[in-house]
Each structure stands twice: as structure tokens, then as C-alpha cells.
Amino acid sequence: LERERIKRMGNASRPFRRIAYFLCLLSVLLLTEGKKPVKPKCPAWCTCTKDNALCENARSIPRSVPPDVISLSFVRSAFTKIPEGSFLLTPSLQLLLFTSNTFDVISDDAFMGLPHLEYLFIENNSIKSISRNTFRGLKSLIHLDLRGNAFNCDCKLKWLVEWLGSTNATVEDIYCESPPEYKKRKINSLSPKEFDCIITEFEVYQSLPYQSLSVDTFSYMNDEHVVIAQPFTGKCIFLEWDHVEVMFRNYDNITGTSTVVCKPIVIESQLYVIVAQLFGGSHIYKRDIFANKFIKIQDIEILKIRKPNDIETFRIAEDWYFVVADSSKAGFTTVYKWNGNGFYSHQSLHAWYRDTDVEYLEISGKPHLILSSSSQRPVIYQWNKGTNEFVKRFDIQDMEDAYAVKHFKVKEDVYICLTRFIGDSKVMKWGGSAFLDLQRMPSRGSMVFQPLQISNYQYAILGSDYSFTQVYYWDAEKAKFVKFQELNVQAPRSFIHVSIDKRDFLFASSFKGTTLIYSHVIVDLSA
């Protein structure tokens, strides 16, 4: 009986379950219907029709513009920027107009998501520059108007000049407002070549905690090396590039006394180092690759080389030489020649002139030496093929007290940089029969005026014991050096360029401070 009663109750409840199911389904349908998206209304500061929207005095770019509008205009609006992706919710736009607004910044990808936009008017606003990816994504653009904006035609606008030359869109004439040399120039007619946007600079990369005099670089066993003369410790310090730590590190040294120059020379894959010292004589060392160390193989005659100040290595025909400038009252500046086993005295140049520097160069394809001296004007010697010796040719006029002479070439022209400690250092150009004045630079305790080339850039660096070191850059159009950068090096004595791992470095020796390594950085201002 109990089972029958329960069964009857179950059968009676079925209609109620059906009713409850249908009520639940109806509720779900009603809720779903209530969540359907509502089309955006026209913003309060805009006037909208079915296809168009005109916004005036807008404080920002609205997100609630009806998505089906095909033209959107902003007039006298107060927003200061068109941000990235401002029109992603209006993909149907075919015309977009901004006129008499106050914004001055248009971000990258500001018009992204507008594949159908054909007409873009940005006129009479406050724009001075436009981001290089502003127009990215505008695949259908056929007309662009940027008139009435105060464009600053600097490197940041170079991309626009390039873009104008490649776009298929019609672009109304637009003009530069600044800088002065470009004022009222038509941007449409500018060439990318008119923008000099690549600049360089030297940045401190690494410092070495010791004083130094000479710095030289050399290639040996398929790698680049640097050797630095330390006068107070009497060492020649050898550096190599650590490819893992990305730094220069010490790997060996030659210990001596009051070392002033460590000059490397590689002959038939064998490394030799000429070590010039103020006391204890000067010596020549050979790199023993099996013992992995330097071995002294020769002494340099002490009667001739009493106070060495500079060493220059060079090759004439198949023969290797080096010359030592001696600055003592009783010494001889002497040329040494390699004979297969060692170096022997080949020629003594003028004695007792207290030479401070020697420079090897070629003039009109002929080998020359220039000797600088504290007692006379720089003297030029020319190589005589008949006697295989240098013969005095002439002095460089009006350059008394020149401490050093270094040369460089621009194309086929030969120039020299002459260093004066106090007064004016000079740049001179070879004129066919003599060096002629080209430029003067004020010297304030200068003992080095070093020209050097890094990639395609020609520099000249004028050291100073009393002020900042001046870096000059060669201006090809003016055919002279212009001021470029100041470096803070204490009592610099030499500068050398080292190229390794596709990087360029400038080593700056310091007689009173730390030796500095600068990185040569190339910056594209148009990027």
C-alpha cells in the first residue's frame, strides 16, 4: 500500500516539473536577451548621423562613436595627444579629419585598425613632429593633408621625408617651420640625404687602475692585443679581449725600470717588443710561444740611446726597421734594421738635438721621417734608394717648440698634426713642396695631438694637462676639423684606436691618473 501511495504521488508531480522547467527556460531566454550589446550612443560633444560624426571641443578621443560611421571629424578639440590604437572600435572609417585642434603628439600606431581609411586630414593643428610609425596599417590611404602645422624639420622627421618618397597616397604640400635653415622649405621636396642624422661619441667603457705613457695595438696569432707602458712600475702590460666578460684583461707583462715605450713589431709571425727605459738601458724581447712568455734577446746600445722618448716601426721594401727618438743632450736618434736574427744600428740621424718624437710617413709614395725636437723646428728626412738611408730634406717653418708630429690622410692628401705644449698646435697640409698652415688649435699643456680614423670617421685628439682633452671631427665639406667632444683625461700622453669583435675602442693613457678605455658609439638621431 505504501508503495502504491508513493507511486501515485510521483505521477501527480510530473506536470509541476514540466511547468518548472519551462519557467526556468523562459528566465534564461529573458536574461540572454537582456545581455545583447547596446549600440554606442553619440558622445555628448559630437553630432552624429547614420554615417558621419562631427565632434567639437572634445576633451579626448571618444570610444563610444557608433561603429558604422564612415567619416569622423574633430574640430577645436582640447586633447593634446592621439594615443596608440585610438580608432580600433571604428574600423569602418573611410575619412578622418582633425582641424584647428591643440594636440601636438601623434603616437606610433595611432591609426591602427583602420584598413578602409582613404582620406586623412590633419591640418592647422599644433603638431611639430610625428612618430615614425604613425601611419602604419593605413593600407587604403589615397589622400593625406598635413598643412598648417609647425613642423620642426630635424632628424626626427627624416622618416617622413623617406615615407613621402615611397607612398602612393597624394599628399598636399607641407612646409618646415624650423630650424631656421629649413624655414618655409617644402617638406615634399626635401631629400633624406639633407639630414645628417648619424652622430658619434666616446663613452667611458673601462678604466685601468694605473698610470701609463705609450699605448700600442698589434695583431698576433689571429687576435688583437694592446701593450701599455707603465713608467712608475716599469712594466709593459699586455692586454687581450675577454670575449666572455666583454672586457680587456691583462695576460702578461715585461718587468723593467722606468719604462717609457713598449713598441711591438711582428716579423714573419714572430712577435718582438722594443722596451725603451730611462734607466738600465733599453732592450728587445721575443715572444716564446712554447714557454708562453717573453725572453730578452738583445740590448740596445746605451751610448747612442741614453734617454729614449719615442719609437716608430716601419717597413721599406722587404726590410723592417725601427727608429728611436733620443731626447738626451748627448744621445743620437738612431735607425735600426732587422737582419734576420736581431736588430742592428743602421743609421744615426742628427746628434744632440734632444728629439722628442719621430713619425714615419709616405709623401708622394716615398718614405719620410719627421723628427720633432725641443731645440729646433721639426726636420723632414727622405729615404734615398741609392744609399738606403734617410737624407735631410727641409725644416717645417714657423713651428719652433713642436713636441710631436703625427700624420693622417684624407683621400690622397697628406696632413700633419703638430703639438705644442703651450701656444697653438697646428694642422698642416702637404702642398707639393712644403707643408702649409691649415688650422690652429689652442694648446694648454698639450703633449699629444693624435689623429686617428675609426671606420669612416676621422678625428684628431688634442690632450691637455691643464684642461679637458679636445676631440675634433673632420668636416669633409669645410676640409678642416671642428670641435666635437671633451674628454676628462688626466695628463694624457697617447691615444690609440683598437678594433675588436666589431667594436671600436679608444685607449687614452694617463701620466697622472687612471688609463681610460672609451667605446666609440654611433647614434642614429632619426631612429
Side-chain angles (χ1 to χ4, degrees), residues 202 204-231 233-256 259-277 282-298 308 310-315 320-324 338 342-343 360 406 448 450 452-455 461 489 492-510 514-520:
F202 293 99
V204 175
Y205 185 83
Q206 185 179 349
S207 62
L208 306 175
Y210 45 75
Q211 295 85 5
S212 56
L213 280 178
S214 74
V215 180
D216 271 287
T217 181
F218 60 97
S219 299
Y220 179 60
M221 298 186 71
N222 300 317
D223 211 345
E224 290 296 314
H225 304 260
V226 179
V227 57
I228 300 176
Q230 290 183 290
T233 63
K235 293 182 179 180
C236 295
I237 300 293
F238 292 84
L239 304 177
E240 63 183 359
W241 179 250
D242 189 319
H243 297 270
V244 177
E245 297 295 331
V246 200
M247 301 285 279
F248 288 94
R249 62 182 177 89
N250 177 20
Y251 72 90
D252 207 344
N253 63 78
I254 297 173
T255 302
T259 303
V260 292
V261 182
C262 305
K263 195 71 175 182
I265 180 170
V266 179
I267 301 175
E268 297 179 353
S269 301
Q270 177 62 59
L271 171 62
Y272 300 91
V273 181
I274 305 135
V275 180
Q277 302 181 147
S282 298
H283 315 283
I284 300 175
Y285 290 79
K286 172 183 177 181
R287 182 67 177 178
D288 189 322
I289 60 174
F290 299 105
N292 197 30
K293 64 179 182 180
F294 288 97
I295 300 173
K296 187 169 72 171
I297 62 169
Q298 187 179 341
D310 187 34
I311 299 176
E312 184 83 335
T313 62
F314 54 93
R315 189 177 189 182
W320 285 97
Y321 300 85
F322 73 83
V323 55
V324 182
W338 174 254
F343 290 91
Y360 174 82
K406 303 299 178 186
V448 56
Q450 180 67 55
L452 50 86
Q453 185 170 356
I454 301 178
S455 299
I461 307 177
V489 185
R493 293 297 180 264
S494 61
F495 298 96
I496 195 75
H497 165 228
V498 179
S499 182
I500 197 165
D501 265 4
K502 298 182 179 180
R503 299 170 180 240
D504 291 296
F505 298 96
L506 172 70
F507 276 70
S509 72
S510 172
T514 58
T515 302
L516 296 176
I517 304 173
Y518 292 87
S519 174
H520 183 252

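Counting begins at 1 with the first residue of the sequence.
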Test of ring centre spacing under 6.0 Å for Phe507 and Phe248: yes

Please report the interatomic distance CD(Gln206) to CZ(Arg249), rounded to the nearest 0.5 Å. 11.5 Å

Under 3.5 Å: donor-acceptor pair, side chain of Ser509, backbone of Ser214: no

Hey, would you say the His497 and Phe505 ring centroids sit under 6.0 Å apart? no

If we only count heavy atoms from C-beta on, is the Val215 to Val226 side-chain gap below 4.5 Å? yes

Distance only, no hydrogens: is a donor on one side chain within 3.5 Å (strictly under) of an acceptor on the other, for Ser282 and Gln277? no

For the atom pair CD1 (Ile228) and OG1 (Thr217), what is the distance rounded to the nearest 0.5 Å? 10.5 Å

Rounded at 0.5 Å granularity, tell me how far CD1 in Ile517 sits from CG in Leu208. 4.0 Å

Would you call the rings of His243 and Trp241 parallel, tilted or perpendicular, taking 30° and 60° as the class edges? perpendicular

State, to 0.1 Å, how close Val448 and Pro492 come at their nearest heavy-atom pair, and which atoms those are. CG1-O, 3.7 Å

As a quick check of understanding, evaluate side chain to side chain contact (heavy atoms under 4.5 Å, CB included) for Arg287 and Asn292, giving each step before the final call. CA-CA 7 Å; Arg287 182 67 177 178; Asn292 197 30; 2.8 Å; yes

How about Tyr205 and Arg503: do any of their side-chain heavy atoms sit closer than 4.5 Å? yes

What distance separates Phe218 CZ from Thr313 OG1, expressed to the nearest 0.5 Å? 12.0 Å

Using a 4.5 Å cut-off on heavy atoms from C-beta on, say whether the side chain of Leu271 contacts that of His225. no

Taking side-chain contact (heavy atoms from CB on, under 4.5 Å) as the test, write out the residues that go with Gln298, two or more places apart. Ile284, Phe343

Any donor-acceptor pair under 3.5 Å linking the side chain of Glu224 with the backbone of Ile500? no

Stepwise ring-ring contact (aromatic ring centres under 6.0 Å, His included) test for Tyr285 and Phe294: CA-CA 6 Å; Tyr285 290 79; Phe294 288 97; 7.2 Å; no

Side-chain donor-acceptor pair under 3.5 Å between Ser212 and Thr515, yes or no? yes

Decide yes or no on side chain to side chain contact (heavy atoms under 4.5 Å, CB included) for Gln230 and Asn253, but give the supporting numbers first. CA-CA 10 Å; Gln230 290 183 290; Asn253 63 78; over 6 Å; no

Would Phe202 and Leu516 count as a side chain to side chain contact (heavy atoms under 4.5 Å, CB included) if you check the C-alpha gap in whole Å, the side-chain angles of each, and the deciding distance to 0.1 Å? CA-CA 11 Å; Phe202 293 99; Leu516 296 176; over 6 Å; no

Backbone N or O of Ile454 within a donor-acceptor pair of the His520 side chain at under 3.5 Å? no

CZ (Phe322) and CD1 (Ile265) are apart, to the nearest 0.5 Å, by 8.0 Å

The test is side chain to side chain contact (heavy atoms under 4.5 Å, CB included); show your working for Phe495 and Leu452 and say whether it passes. CA-CA 8 Å; Phe495 298 96; Leu452 50 86; 4.2 Å; yes

Got Ser455 and Asp504 here, is their nearest side-chain heavy-atom distance under 4.5 Å? yes

Any pair with a residue in residues 259-275 that passes side-chain hydrogen bond (donor to acceptor under 3.5 Å, both in side chains), sequence neighbours left out, goes on the list, sorted by first then second residue, please. Asp216-Lys263

When rounded to the nearest 0.5 angstrom, what is the spacing between CG in Asp242 and CG in Asn250? 12.0 Å

Do Ile254 and His283 have side chains that approach each other closer than 4.5 Å (heavy atoms only, starting at C-beta)? no

